[in-house]
2 protein chains.
Amino acid sequence: MSHTDPPAPRTGRPRSTAADAAILEATRASLVDLGWSKLTMGDVATRAGVAKTTLYRRWAGKNELVVDAVAVLFDELELPDRGSLAADVQGVVLQFATLLERPETRTALMAVVAESTRDDSLRHRIRSAIVDRQKRLVLLGRERAQARGELRYEDDASTAARNADLIFDVIAGAVVHRTLVSAEPVDAEWASGFTTLLLLGLSGAQTA
Amino acid sequence: MSHTDPPAPRTGRPRSTAADAAILEATRASLVDLGWSKLTMGDVATRAGVAKTTLYRRWAGKNELVVDAVAVLFDELELPDRGSLAADVQGVVLQFATLLERPETRTALMAVVAESTRDDSLRHRIRSAIVDRQKRLVLLGRERAQARGELRYEDDASTAARNADLIFDVIAGAVVHRTLVSAEPVDAEWASGFTTLLLLGLSGAQTA
DNA sequence: GCAGTTACGCTACGGGTCGTAGCGTAAGGA
DNA sequence: TCCTTACGCTACGACCCGTAGCGTAACTGC
């Protein structure tokens with residue numbers, strides 16, 4: 001929800017916040033019904049009950065609109081303390097998988113990432129609106145594990161950041177790949193196997 | 001390269017294999033220049049020096065065409081025996097990352113996966129043309145590691161298959177996520193950290 | 001050779017989406 | 001009240017889609 005950060009022009013008719021909400025909801029509905037590739041700006045405008053020009057006054061195009069429409073779904077992600085690192089990992093994996101099972105996110109996430117490979121500003125928007133929101137969970141989970149004594153504290157901030165990035169890519173990447181590429185379900189059994197692998201590694205996970 | 005498996009109709013003018021090659025190469029060139037979203041069938045036809053109707057005689061549309069055009073790039077992936085499981089993992093990670101740095105694959109891979117979430121036949125095509133080709137490397141690497149004594153043999157075929165699928169999703173998913181979502185390079189340092197994490201797990205990788 | 005069959009190049013077309021311009025009207029602030 | 005900005009609506013040229021139709025090219029079997 002950060003199309004234009006500057007607070008607002010102080011004069012003239014203000015932008016309708018109701019229209020904002022209606023447009024984003026219409027975008028999600030259109031994603032569910034039509035999917036990314038068949039979603040059109042005209043259709044979204046019709047569903048939202050606004051003129052097409054209103055959409056273009058706020059978003060540069062389909063890419064930016066869909067990112068903002070989907071971003072709020074990632075706010076649902078939480079990380080309640082489940083008592084152990086293993087339980088926390090398994091919990092977040094299942095939660096993330098649930099999110100990826102929704103048709104809006106399935107069809108939109110990969111599509112906007114694909115677009116972002118040729119559009120730097122879109123990539124930054126995705127990062128701040130979606131990716132960074134997930135990464136917080138990794139940082140929080142590590143803190144807790146360190147407080148519990150399950151993980152030791154890193155020596156310096158630079159390796160700490162590298163480790164967090166690595167773990168984030170492994171967890172998010174594995175869940176996304178399993179769900180969207182392999183197209184097979186992330187159930188409790190898979191989440192359990194993955195967690196064991198992540199914690200103990202290939203060498204140690206041979207008991208599964 | 002398996003649009004139509006049946007050997008060929010035995011009568012009439014045969015399809016030009018030269019046109020096949022020219023079209024697929026033109027598709028890759030168009031992906032490099034224009035990217036997935038701006039690639040059009042007309043442009044590919046012009047580049048290949050064939051009529052647009054010729055494209056539609058062989059492929060149902062953009063999705064299928066791009067999958068076939070990109071699939072051959074994944075044949076470059078190999079898994080030479082580097083002497084240890086760690087070296088093999090690190091090698092395949094770097095090789096896969098190199099492939100994902102090419103502009104054709106960057107822009108195409110995520111896009112066709114996104115499309116496949118709403119198109120079952122496309123998903124099967126991707127699986128047989130791309131995904132299964134990578135999975136072989138995992139199976140081969142595991143065999144070697146088991147022969148070396150680095151991994152023990154699984155008790156039954158079902159858990160063996162589950163493990164292979166899991167490892168595949170973790171490796172491919174992590175590299176794809178790092179490259180295309182986090183948009184940061186997979187260099188030797190990252191590959192080394194990932195390999196350590198994969199082999200030893202979070203609990204054991206604390207020395208890094 | 002000759003007929004039969006299929007592929008190819010080319011043109012043309014209706015249908016759809018894009019993104020914008022122009023206008024009159026609505027909703028706030030000085 | 002004047003000024004400024006947002007909104008709805010219409011219309012538009014541009015582009016791409018996917019297909020139909022036709023004449024020509026290539027290969028097979030008689």
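In what follows, every chain begins at residue 1, and chains take the letters A, B, ... in the order their sequences are listed. All values below were derived from every heavy atom in this structure, side-chain atoms included, with hydrogens, water molecules and symmetry-related copies excluded.
- A distance-only check finds a donor-acceptor pair linking the side chain of B:Arg142 to the backbone of B:Ala160 [under 3.5 Å].
- Atom CH2 in B:Trp59 sits about 14 Å away from atom P in C:dA7, given to the nearest Å.
- Distances from the side chain of A:Arg58 to the nucleotides C:dC8, D:dA6, D:dC17 place D:dA6 closest.
- Put simply, the side chain of B:Ser192 never gets that close to the backbone of B:Ala188: no donor and acceptor are under 3.5 Å apart.
- In the set C:dA7, D:dC7, C:dC18, C:dC18 carries the atom at the smallest distance from any side-chain atom of A:Thr40.
- Taking atom CD1 of residue A:Ile23 and atom C1' of nucleotide D:dC7, one finds them 11 Å apart after rounding to whole Å.
- Under the salt bridge (charged side-chain N to carboxylate O under 4.0 Å, His left out) criterion, B:Glu104 pairs with B:Arg102, sequence neighbours left out.
- Look at CE on A:Met41: it is 13 Å from C1' on C:dT20, rounded to the nearest Å.
- Between the side chain of A:Lys52 and the base of D:dG8, no donor-acceptor pair of N or O atoms lies under 3.5 Å.
- Between the side chain of B:Thr27 and the main chain of B:Ala69, no donor-acceptor pair closer than 3.5 Å is present.
- For A:Glu76 and A:Gln95, the side-chain atoms include no donor-acceptor pair closer than 3.5 Å.
- Among residues two or more places apart in sequence or in another chain, the ring pair (Phe, Tyr, Trp, His ring centres under 6.0 Å) test is passed with B:Phe194 by B:Trp190.
- With rounding to whole Å, A:Asp43 atom CG is found 17 Å from C:dG19 atom C1'.
- Residues A:Ser37 and B:Glu115 have side chains that bring a donor and an acceptor to within less than 3.5 angstrom of each other.
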Can you build the contact string for nucleotides 21-30 of chain C? Use B for base contact, S for sugar-phosphate-only contact, and - for no protein heavy atom under 4.0 Å. B----BBBS-

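- Atom-to-atom, CZ of A:Arg15 to P of D:dT4 comes out at 18 Å; the value is rounded to the nearest Å.
- Nearest-nucleotide assignment on DNA chain D puts the 5′-proximal partner with A:Val50, out of A:Val50 and B:Lys38.
- One interatomic measurement links the two molecules: CG of B:Leu65 to C1' of D:dC17, which rounds to 15 Å at whole-angstrom precision.
- Rounded to whole Å, atom P of C:dT17 lies 14 Å from atom CG of A:Leu55.
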